[in-house]
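Okay, so here's the structure we're looking at.
These values consider heavy atoms only, across backbone and side chains, with no hydrogens, waters or symmetry-generated copies. First the proteins, then the strands, lettered A, B, ... as listed; each starts at 1. Every value quoted in this text rests on a predicted model; they were computed, and no experiment measured them.
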2 protein chains.
Amino acid sequence: MAAARVRSGGRPTLEEVAARAGVGRGTASRVINGSPRVSAQTREAVEAAVAELGYVPNRAARALAGNRTDAIALVVPESETRFFAEPYFSDIVRGVGAALADTEMQLLLTLAGNDRERRRLASYLTAHRVDGVLLVSVHADDPLPDLLEQLGMPSVISGRRHAAETLPSVDSDNFEGARAAVDHFISRGRRSIATITGRLDVYGAQRRLDGYRKAIASAGLDPDERLIAPADFSEEGGARAMRELLVRRPDVDAVFAASDVMAAGARQVLRESGRRIPDDVALIGFDDSAVARHMDPPLTSVRQPIEEMGRTMTRVLLQEIANRSEDRAVERPRIVLPTELVVRESS
Amino acid sequence: MAAARVRSGGRPTLEEVAARAGVGRGTASRVINGSPRVSAQTREAVEAAVAELGYVPNRAARALAGNRTDAIALVVPESETRFFAEPYFSDIVRGVGAALADTEMQLLLTLAGNDRERRRLASYLTAHRVDGVLLVSVHADDPLPDLLEQLGMPSVISGRRHAAETLPSVDSDNFEGARAAVDHFISRGRRSIATITGRLDVYGAQRRLDGYRKAIASAGLDPDERLIAPADFSEEGGARAMRELLVRRPDVDAVFAASDVMAAGARQVLRESGRRIPDDVALIGFDDSAVARHMDPPLTSVRQPIEEMGRTMTRVLLQEIANRSEDRAVERPRIVLPTELVVRESS
DNA sequence: ACTCCCCTTGGGAGCGCTCCCAAGCCTACG
DNA sequence: CGTAGGCTTGGGAGCGCTCCCAAGGGGAGT
């Protein structure tokens with residue numbers, strides 16, 4: 001049995017560390033897990049043994065014995081990875097990675113396709129015993145969040161599904177971001193300010209529209225519904241919406257698009273209609289993506305602190321995991337991170 | 001002990017499935033792992049029990065008993081996640097996810113910072129017992145690949161470190177991509193064709209330069225070294241290189257930049273110098289990123305099949321893992337995927 | 001000086017699964 | 001009719017670790 005299996009290193013076990021340090025397995029375990037119930041002298045001996053042997057605990061054994069995994073899953077709706085191929089994805093990951101850096105936690109990346117798969121996913125996640133789940137880009141009717149909640153799996157959601165989100169959530173301030181964009185238009189003397197919205201079943205898109213409305217109203221401008229063109233976050237959708245706007249209100253002199261990509265579509269249409277940006281029509285996007293920086297003219301855009309969202313989500317999740325067995329009545333954190341208007345030449 | 005721990009579901013175990021099906025644990029295990037050494041009748045009984053109980057195997061137990069993990073790690077150099085925030089990262093992940101979809105394999109995402117961390121990483125990866133490693137964006141002097149190779153950990157590398165790469169690798173055809181770009185210039189009558197290179201310690205960048213040289217030579221053009229400007233993949237570097245080119249060869253009428261981002265920098269400088277694109281100077285980038293599509297004018301660019309690279313890498317890795325215990329002498333696959341010139345208005 | 005209590009420590013009992021051996025059964029063959 | 005050999009099958013022995021209990025040692029208190 002012993003030498004039968006050709007293992008690369010023959011990793012040392014806790015037992016071996018304990019033997020080397022001249023202590024029992026339990027004591028060695030205590031040292032490794034930072035329990036305070038160990039004398040300084042013993043601790044040193046064990047630590048020395050760990051160093052000498054290059055011991056690294058076996059995760060599987062830990063997970064099995066401890067009924068936890070020291071791993072969290074980042075669930076990404078696969079259908080959308082392309083959609084948010086923009087910095088979003090990688091920035092979130094960086095944030096999560098940063099927050100996990102000093103932890104023993106591992107990050108599991110899970111791509112979930114359609115709803116059926118997501119349903120299966122819930123059972124997988126609990127069976128594979130992930131300690132917690134990070135949910136990114138969730139639709140209002142996604143079944144997964146509720147499933148996870150029922151299963152008592154600690155979870156944090158990016159954005160929200162609706163105003164009454166029950167899960168802990170970390171969102172950016174879509175409302176204020178939109179408002180800042182429109183206020184910016186107003187302060188520069190624009191009066192016929194339109195908006196191209198994202199899919200309004202996405203809470204964030206709704207909030208951006210709310211912010212737009214609020215800014216218009218606060219400024220005492222005429223809230224013309226013809227200045228609101230719904231789209232779907234796509235470039236083509238943005239172009240289509242822009243065309244509609246030009247028909248309905250040819251005098252439009254500013255457009256706030258709820259995403260940079262839609263702004264790119266709008267820009268195209270504005271160009272084709274012979275309008276100059278920003279001279280004739282000012283344009284602002286949302287996301288502050290690479291598209292914004294490289295657009296011609298460079299696009300003013302609302303920046304979301306995406307990496308920070310990833311970091312915060314992770315911190316909140318770790319907290320939730322730590323509180324797991326605690327009072328179920330602890331209130332769920334709902335964090336809203338500030339957005340920032342990055343002014344470039346399009347406005 | 002039994003009901004002491006408040007577990008969400010009280011997941012069924014193999015033992016319970018076996019009891020329910022009226023068979024032994026071993027038999028149940030065989031069915032679940034698709035062993036052929038089970039009678040059809042028994043198989044059905046076990047499968048029924050699995051379905052009724054909603055049994056899902058416990059990964060940790062499996063890993064511990066089977067000395068494998070059914071997980072692979074995607075190692076991303078953290079310092080570069082921003083650098084390749086462009087489609088790259090998410091496309092790779094999609095490809096990997098797609099290849100893993102029908103598998104039981106999980107994907108572990110590991111961000112490794114500097115070299116020291118990467119060194120530690122090797123021991124972690126083996127201790128956490130990942131079955132294999134996907135290495136993305138590796139520098140020529142990265143210690144990790146060799147460490148993994150020594151440890152006998154199945155690994156696949158994207159791109160290569162150098163011509164004599166020892167690890168299994170999946171790369172895109174940088175050489176042909178570059179050549180196609182330059183050939184395209186030539187076919188459109190350009191004669192003073194320059195190139196802005198990436199960091200030449202990156203093998204891919206070197207190959208792109210080779211392709212450029214080859215195309216120039218094949219066409220019988222004068223291979224003027226002044227037409228070759230080294231840069232570092234950054235926008236600012238691209239701009240700097242372009243300025244140099246304009247000084248050295250003011251008559252340049254075409255520029256092949258080894259990345260879209262550098263092309264964006266070059267475009268800026270060309271604009272400032274009063275040159276029109278493509279009328280005065282044609283421009284081609286590499287990557288076919290969002291930047292290319294949204295540039296003004298839209299940038300002709302060499303597309304790499306990134307998602308497919310992710311898929312292929314994964315398949316190769318799974319194969320390597322399957323062959324693990326086999327002959328060590330099996331040759332290492334080195335796959336090169338074709339690139340494609342996407343012609344837009346800048347050329 | 002004796003007792004009580006707290007701090008440390010060792011190690012048994014699993015966690016749920018895979019691996020493998022030995023046993024039971026049936027079929028085919030001599 | 002006996003026996004060899006192939007299929008299936010059950011279940012013991014761990015995998016390496018955490019949890020927890022009981023035991024041993026001191027120090028403080030009276």
*Can you tell me the distance, in whole Å, between the CD atom of B:E104 and the P atom of C:dT18?*
11 Å
*Can you name the residues that form a side chain to side chain contact (heavy atoms under 4.5 Å, CB included) with B:R120, not counting sequence neighbours?*
B:Y124
_With the threshold set at under 4.0 Å for non-hydrogen atoms, list the residues of residues 44-58 of chain A touching DNA chain D in residue-number order._
A:Y55, A:P57, A:N58
*If you find the nucleotide of DNA chain D closest to B:G26 and the one closest to B:A65, which residue's nucleotide is nearer the 5' end?*
B:G26
*Would you sort out whether B:R315 and B:L318 count as a side-chain contact (heavy atoms from CB on, under 4.5 Å), showing the intermediate values?*
CA-CA 5 Å; B:R315 276 200 287 261; B:L318 294 179; 5.5 Å; no
*Please give, in whole Å, the distance from D:dC17 P to A:L14 CG?*
4 Å
*Return the set of residues passing side-chain hydrogen bond (donor to acceptor under 3.5 Å, both in side chains) with B:R68 (not counting sequence neighbours), or none when no residue passes.*
B:D70
Within the sub-3.5 Å range, which N or O atoms of nucleotides 5-9 of chain D have a protein N or O partner, and how far apart are they?
unit_1	atom_1	unit_2	atom_2	d
D:dT8	OP2	B:R37	NH1	3.4
D:dT9	OP1	B:S39	OG	3.1
D:dT9	OP1	B:T42	OG1	2.3
D:dT9	OP2	B:S39	N	3.2

_Can you list everything that forms a salt bridge (charged side-chain N to carboxylate O under 4.0 Å, His left out) with B:R25? Sequence neighbours excluded, please._
B:E15
*Measure the distance from CG on A:D70 to P on C:dC15 and round it to the nearest whole Å.*
20 Å
*Between atom CG in A:N33 and atom P in D:dT18, what is the gap in whole Å?*
5 Å
*Note the angle between the end axes of the helix from C:dA1-D:dT30 to C:dG30-D:dC1, five pairs defining each, rounded to 10 degrees.*
40°
I'd like a table of donor-acceptor pairs (distance under 3.5 Å, sequence neighbours excluded) in which one partner is a side-chain atom from residues 95-110 of chain B, with atom names and distances.
unit_1	atom_1	unit_2	atom_2	d
B:T103	OG1	B:L100	O	3.3
B:Q106	NE2	A:H128	ND1	3.1

*Pairing residues for A:P12 by the side chain to side chain contact (heavy atoms under 4.5 Å, CB included) criterion, not counting sequence neighbours*: A:E16, A:L53, A:Y55
_Between C:dT18 (P) and B:R68 (CZ): distance, integer Å_ = 7 Å
*List for me each residue that meets salt bridge (charged side-chain N to carboxylate O under 4.0 Å, His left out) alongside A:E165, sequence neighbours excluded, and say none if there are none.*
A:R161
_Check the phosphate of D:dT18 against A:S29, side-chain N and O only, distance under 4.0 Å to OP1 or OP2. Yes or no?_
yes
*asked:* Students often get this wrong, so: under 4.0 angstrom with heavy atoms, is B:R25 touching a base, only sugar-phosphate, or nothing?
replied: base
*Whole-Å distance separating the CG atom of B:N67 from the C1' atom of C:dC17*: 13 Å
_Expressed as a whole number of angstroms, how long is the span from B:E15:CD to D:dA13:P?_
15 Å
_Rounded interatomic separation in angstrom, taking CD1 from A:I32 and C1' from D:dC17_ = 10 Å
Sequence neighbours excluded and cut-off under 3.5 Å, please list the side-chain donor-acceptor pairs for residues 44-52 of chain A, or say none.
unit_1	atom_1	unit_2	atom_2	d
A:E52	OE1	A:R20	NE	2.7
A:E52	OE1	A:R20	NH2	2.4

*asked:* Tell me every residue that passes salt bridge (charged side-chain N to carboxylate O under 4.0 Å, His left out) with A:D142, counting only those two or more places apart in sequence or in another chain.
replied: A:R118
*Can you name the salt bridge (charged side-chain N to carboxylate O under 4.0 Å, His left out) partners of A:R311, sequence neighbours left out?*
A:E307
